[in-house]
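Computed over heavy atoms, backbone and side chain alike; hydrogens, waters and symmetry mates excluded. In this text the structure is predicted, and so the values were computed from the model without any measurement.
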Amino acid sequence: MKFVGITMATITLISGSTMGSAEYVAEHMAEILEDVGFSTEILHGPSLNELPQEGIWLVVTSTHGAGELPENIQPLAEEIAEQKPDLSKVTFGAVGLGSSEYDTFCGAIRSLDQLLIENGAKRLGDRLEIDIQQHEIPEDPAEEWVKIWATSL
């Protein structure tokens, strides 16, 4: 599924991870996006000023504790909440990892998704919530989702 003759956008992948799973998922998704012609940049726990204020973001985060964001991405969420940047030129995809054993399943991506929308960003497609109880290898459902998501860009 190569898009020949079309200049493809750069997708900024943002990961929030405690144990590394979300990082691995983001890196795997970047490979797939590059295979179909996109360029990617992966940022693990970036600050707001490291992110382009327009274009396409793909946010991948695990859920830590009682539905919280992992430590490496909490500062970004706090910056967005405090600074209230205009993200109206940002289109994003949202992927969460969590365990359905907890009532706060995928709480981190749900809160970050809402925060981005509140600041004007537009989510493209449905949010993917990966239950690690059902998917021992979270890259598998992420791979299927990102292939479909990429066709809508």
Peer 1: Are Leu124 and Val25 grouped together when hydrophobic residues (ILVMFWY) are joined by side-chain heavy atoms under 4.5 angstrom apart?
Peer 2: yes
Peer 1: Roughly how far, to the nearest 0.5 Å, is OG1 of Thr40 from CG of Leu58?
Peer 2: 10.0 Å
Peer 1: Check the hydrophobic clustering (I, L, V, M, F, W, Y; side-chain heavy atoms under 4.5 Å; chains of links allowed) and say if Leu128 and Ile11 are grouped together.
Peer 2: yes
Peer 1: Between Ala30 and Ile42, what is the shortest heavy-atom contact and its length?
Peer 2: CB-CD1, 3.6 Å
Peer 1: Between Pro138 and Glu136, what is the shortest heavy-atom contact and its length?
Peer 2: CD-O, 3.3 Å
Peer 1: Got a sec: does the CG of Asp126 have more than 12 other heavy atoms crowding it under 6.0 Å?
Peer 2: no
Peer 1: Quick test of your reading: applying salt bridge (charged side-chain N to carboxylate O under 4.0 Å, His left out), list the pairs with at least one residue in residues 90-113, sequence neighbours left out, ordered by first then second residue.
Peer 2: Arg110-Glu129, Asp113-Arg123, Asp113-Arg127
Peer 1: In Å, rounded to the nearest 0.5 Å, how long is the span from CD1 of Ile73 to OG1 of Thr61?
Peer 2: 5.0 Å
Peer 1: Using every non-hydrogen atom in the two residues, find where Ala22 and Ser62 come nearest and quote the distance to one decimal.
Peer 2: CB-N, 3.8 Å
Peer 1: A side-chain contact here means heavy atoms from C-beta on lying under 4.5 Å apart; do Pro52 and Thr12 qualify?
Peer 2: yes
Peer 1: Taking the side chain as everything from C-beta on, heavy atoms only, tell me whether Trp149 gets closer than 4.5 Å to Ile32.
Peer 2: no
Peer 1: If we only count heavy atoms from C-beta on, is the Leu87 to Lys122 side-chain gap below 4.5 Å?
Peer 2: no
Peer 1: Report yes or no: do Glu50 and Ser47 form a side-chain donor-acceptor pair below 3.5 Å?
Peer 2: yes
Peer 1: Do Thr63 and Leu97 have side chains that approach each other closer than 4.5 Å (heavy atoms only, starting at C-beta)?
Peer 2: no
Peer 1: Between the side chain of Asn72 and the main-chain N/O of Ser17, is any donor-acceptor distance below 3.5 Å?
Peer 2: yes
Peer 1: Under a 3.5 Å distance rule, please check whether Glu79 uses its side chain to pair with a backbone N or O of Leu48 as donor and acceptor.
Peer 2: yes
Peer 1: First locate atom OG of Ser99, then atom CD of Gln133, and finally report the distance between them rounded to the nearest 0.5 Å.
Peer 2: 3.5 Å
Peer 1: Kindly compute the distance separating CD1 (Ile56) from CZ (Phe38), expressed to the nearest 0.5 Å.
Peer 2: 6.0 Å
Peer 1: Can you confirm whether the side chains of Ser39 and Thr10 place a donor and an acceptor under 3.5 Å from each other?
Peer 2: yes
Peer 1: If I compare all heavy atoms of Gln53 with all of Pro85, which pair ends up nearest, and what's the gap?
Peer 2: OE1-CB, 3.9 Å
Peer 1: What is the minimum heavy-atom distance between Leu112 and Ala77, and which atoms define it?
Peer 2: CD1-CB, 4.1 Å
Peer 1: Within a radius of less than 6.0 Å around CD of Glu71, do more than 12 heavy atoms belonging to other residues, nucleotides or ligands occur?
Peer 2: no
Peer 1: Provide the full list of salt bridge (charged side-chain N to carboxylate O under 4.0 Å, His left out) pairs with a residue in residues 81-100, sequence neighbours left out, each pair given once.
Peer 2: none
Peer 1: Same cluster or not: Ile80 versus Leu43, using hydrophobic residues (I, L, V, M, F, W, Y) connected whenever any side-chain heavy atoms lie under 4.5 Å apart?
Peer 2: yes
Peer 1: Can you tell me how far apart OG1 (Thr91) and CG (Leu153) are? Round to the nearest 0.5 Å.
Peer 2: 8.5 Å
Peer 1: Mind checking whether Val90 and Leu116 have side chains closer than 4.5 Å, heavy atoms only?
Peer 2: no
Peer 1: Is there a side-chain contact between Glu27 and His44 in this structure, where contact means two heavy atoms from C-beta onward sitting under 4.5 Å apart?
Peer 2: yes
Peer 1: Does Phe105 have more than 12 heavy atoms from other residues, nucleotides or ligands lying within 6.0 Å of its CZ?
Peer 2: yes
Peer 1: Would you call Leu51 and Ile14 a side-chain contact if the rule is heavy atoms closer than 4.5 Å?
Peer 2: yes
Peer 1: Kindly work out whether a path of hydrophobic side-chain contacts (I/L/V/M/F/W/Y, heavy atoms less than 4.5 Å apart) joins Val146 to Tyr24.
Peer 2: no
Peer 1: At their closest point, which heavy atom of Thr151 faces which heavy atom of Ile148, and how far apart are they?
Peer 2: OG1-O, 2.6 Å
Peer 1: Report whether Val60 and Leu69 are members of the same hydrophobic cluster (ILVMFWY, side-chain heavy atoms less than 4.5 Å apart, transitive linking).
Peer 2: no
Peer 1: Take Ser15 and Glu23 through the side chain to side chain donor-acceptor pair (under 3.5 Å) test and state the conclusion after the steps.
Peer 2: CA-CA 6 Å; Ser15 77; Glu23 287 181 17; 4.8 Å; no
Peer 1: Would you indicate whether the side-chain heavy atoms of Met29 and Glu143 approach each other to under 4.5 Å?
Peer 2: no
Peer 1: Supply the atom-to-atom distance Ile137 CD1 to Ile130 CD1, rounded to the nearest 0.5 angstrom.
Peer 2: 12.0 Å
